[in-house]
Amino acid sequence: TIGVPPELAIFARLRLVVVDNTGLESAPVELEPVATPEVAEGAECDPDLGLSVCADGTFCLGGDDGGFSCQVPVAGCPADFGAVSINDSPVDGGWAVVGDNTDAEVRDQASCGGGSGQVFFTFTAPEAGNYQFRTTSMDEGADTVVSVRALCAVPASELACNDDEIPNVLTSAVAVALEADETVTVVVDGFAGFFGGWQ
């Protein structure tokens, strides 16, 4: 029996062919996929979604023991993330913060890139509307990645992600629609190992 991640469950059959490093192929084997089993809160889970998926409202998160289980995540950032509120820095009808990920810890990675140290910010929408988060005025050679998450410590809760705002421009910008008083986490990362300052 082979489990199928939810995004592949639309296929009625799978054909498996094994190829060795010289290019020789095995005869194809037809597999009848089965839906990936859903497991409840507290159960062991597969972060790659091939063997199990967590029930709605829970995410497959790692524990201190190195294993993974379905957990209800805390919406806010853990204290050791050092998240700063963007709302505390109003500028000309908007907000602006200055940051530097030189000494930031590598915690995870956004869907569109990153993998350097991440710096975490929170933002609460004062009213319903579309909000844009962008990096500017950066160190020479800077290459940022910006993502917005519903849940601080859960990359899978990502709402938007951007590496390069436009081709060959290494600044980043994302836009999200938020309800009044909705709080999100904005994560600034560096693409391909970039560390440095930005605004």
Side-chain angles (χ1 to χ4, degrees), residues 1-75 77-78 81 105-118 120 133 143-168 170 172-178 182 184-194:
T1 302
I2 182 169
V4 179
E7 61 270 20
L8 296 181
I10 58 171
F11 297 104
R13 288 188 323 228
L14 295 176
R15 175 176 286 174
L16 177 67
V17 176
V18 178
V19 181
D20 69 14
N21 61 2
T22 65
L24 296 175
E25 296 184 2
S26 70
V29 176
E30 297 283 337
L31 302 172
E32 294 296 329
V34 296
T36 305
E38 184 177 271
V39 294
E41 181 181 350
E44 289 185 10
C45 58
D46 174 16
D48 296 320
L49 306 179
L51 303 177
S52 63
V53 293
C54 293
D56 284 348
T58 63
F59 291 85
C60 191
L61 302 176
D64 295 334
D65 62 356
F68 290 85
S69 63
C70 294
Q71 304 171 37
V72 176
V74 176
C77 290
F81 278 36
E105 185 174 339
V106 178
R107 298 185 183 276
D108 50 54
Q109 185 169 322
S111 66
C112 62
S116 301
Q118 292 89 31
F120 292 77
F133 303 93
D143 189 353
T144 57
V145 172
V146 173
S147 61
V148 177
R149 301 176 182 178
L151 303 168
C152 180
V154 183
S157 71
E158 188 177 274
L159 304 173
C161 188
N162 178 258
D163 171 23
D164 296 338
E165 186 172 358
I166 58 175
N168 301 315
L170 304 183
S172 306
V174 295
V176 292
L178 302 176
E182 183 177 357
V184 292
T185 300
V186 180
V187 185
V188 182
D189 199 343
F191 186 81
F194 166 77

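Residue numbers start at 1 and run along the sequence shown.
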Side chains of S111 and P155, heavy atoms from C-beta outward: is any pair under 4.5 Å?
no
Supply the atom-to-atom distance D189 CG to D163 CG, rounded to the nearest 0.5 angstrom.
10.0 Å
Counting distance only, does the side-chain N/O of E25 pair as donor-acceptor with the main-chain N or O of G23 below 3.5 Å?
no
Do D143 and D164 have side chains that approach each other closer than 4.5 Å (heavy atoms only, starting at C-beta)?
yes
Would you say the side chain of F59 lies within less than 4.5 Å of the side chain of L151, judging by non-hydrogen atoms?
yes
Sorted by chain and residue number, the side chain to side chain donor-acceptor pair (under 3.5 Å) partners of S69 (sequence neighbours excluded) come out as Q71
C45 and C54 SG atoms under 2.5 angstrom apart
no
Residue set satisfying side chain to side chain donor-acceptor pair (under 3.5 Å) with D20, at least two apart, ordered chain then number -> T22
With a 4.0 Å cut-off on N to O distance, would you call E158 and R149 a salt bridge?
no
May I ask you to check whether the SG atoms of C161 and C112 are separated by less than 2.5 Å?
yes
So, does S26 use its side chain to make a donor-acceptor pair with the main chain of V18 at under 3.5 Å?
yes
How about E44: does its CD atom have over 12 heavy atoms from other parts shown lying under 6.0 Å from it?
no
Can you find a pair of side-chain heavy atoms, one from N162 and one from V146, that are under 4.5 Å apart?
no
